[in-house]
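What follows is a single structure, written as structure tokens, with notes after it.
Source: prediction; values computed, not measured.
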Amino acid sequence: MSIADRFNIIFGWYDEDPKAFSGLEAQARNGDRDAEADLYAIRAETSEDAAVVTEQTAALEKLAASGCERAQLMLGILYHEGLDELLPCDMRKSDAWLNKAAAAAFAAAHSGSSCTDSDELTKDSVYALYTLCMHSWFRCSVFVDKPNDAASAEESAADNEQAVKDTLECGFEPATAQDFLNAERQQLALFKLRTNKQLPEQVRSFIVEIAQTTAGWLPSIYESPSPVSPVYSPEKAQKQHELEEAVAREERREAGIDEAEH
């Protein structure tokens, strides 16, 4: 696969227009750590040179290790995306960096406020939590061995074998019991943030926007028939569906959207 064929997530945030991030170098030189993180990530993502990818990723990891939330998010995205053989997709590494970037979001969800002790909740932290939730939904609901109504045991086994193959091809390992517990924690944290009206308006609007994508993820995890799931509960799934519908109605009311139009 060439760079021309690769979908670059971070470069895409700049509309894949070099002029849109031409000022990143100057901003980075002036001490803007977020710009520095974006610069390293984009250089790695858009290069076909293994040495460049290694150099820029190492610089990004150093910045992330110093506590830069944006750099942690960038690494989570790069390992989620994978850069062919130059930086293989590694969902466990992706989750590890995303968990660091999402620390403020987890703290805000647990405290019910917009801030941790000293760190303000940012859209980057929320996006990291959202990406973790997407990973847990795929790992624990989409790509999972599921009993089905196949005509024979052979067909059922073949279907489940294909599910495992699909999981591995997309970079996910088969889900463990701990994965299901992590998934519930992540999804509940994002839902708590969604219902927190004390968050800064810009952050809350972003959460409400992405909630249109995440609706139904937690119920589907509760309903997942995986034999290793410790959170399986049709009752919890139904309750969460009802909660999400109630919150969605309230959000539409706040936005002045007529229910009849919806």
Joint cluster assignment, Phe143 & Tyr222, ILVMFWY side-chain distance < 4.5 Å: no
- prompt: Atom CD1 in Ile207, atom NZ in Lys123: separation rounded to 0.5 Å?
  reply: 10.5 Å
task: Report, as yes or no, whether the 6.0 Å neighbourhood of atom CD on Glu254 holds more than 12 heavy atoms from other residues, nucleotides or ligands.
output: yes
- prompt: Quick one: side-chain contact (heavy atoms from CB on, under 4.5 Å) partners of Glu201, sequence neighbours excluded?
  reply: Ser205
- request: State whether the side chain of Asp84 and the backbone N or O of Leu86 hold a donor-acceptor pair below 3.5 Å, judged by distance alone.
  value: no
query: If you group Ile, Leu, Val, Met, Phe, Trp and Tyr by side-chain heavy-atom gaps below 4.5 Å, do Leu75 and Val52 land in one group?
result: no
- prompt: From Leu60 CG over to Asp38 CG, what is the distance, rounded to the nearest 0.5 angstrom?
  reply: 9.0 Å
field: Donor-acceptor contact below 3.5 Å, side chain Thr57 vs main chain Thr54
entry: no
field: Result of checking Thr176, Asp95, Asn182 against Arg139 for side-chain hydrogen bond (donor to acceptor under 3.5 Å, both in side chains)
entry: Asp95
- prompt: Are the side chain of Asn196 and the backbone N or O of Leu193 linked by a donor-acceptor pair below 3.5 Å?
  reply: no
message: Looking at Ile10, is its backbone amide N or carbonyl O close enough to the side chain of Glu45 to form a donor-acceptor pair, meaning the two atoms are under 3.5 Å apart?
response: yes
field: Hphob cluster co-occupancy, Ile221 + Met91, side-chain heavy atoms under 4.5 angstrom
entry: no
Heavy-atom closest contact (Ala237 atom, Pro219 atom, distance): CB-O, 3.6 Å
query: Does Thr213 have any side-chain contact (heavy atoms from CB on, under 4.5 Å) partners at least two apart in sequence or in another chain, and if so, which?
result: Tyr130, Trp217
message: Using modelled atom types and a 3.5 Å cut-off, is there a donor and acceptor pairing between side-chain atoms of Ser125 and backbone atoms of Ala105?
response: yes
- request: Determine yes or no for a side-chain-to-main-chain donor-acceptor pair under 3.5 angstrom, with Ser136 supplying the side chain and Cys133 the backbone.
  value: yes
field: Any donor-acceptor N/O pair, Asn8 side chain to Phe11 backbone, under 3.5 Å
entry: no
Backbone of Tyr127 reached by a side-chain donor or acceptor of Thr131 within 3.5 Å: yes
field: Main-chain N/O of Ala64 paired to Gln72 side chain as donor or acceptor, under 3.5 Å
entry: yes
task: Return yes if a side-chain donor-acceptor contact under 3.5 Å exists between Arg33 and Ser66, otherwise no.
output: yes
Inter-residue atom distance Gln187.CD - Gln240.CD, 0.5 Å rounding: 9.0 Å
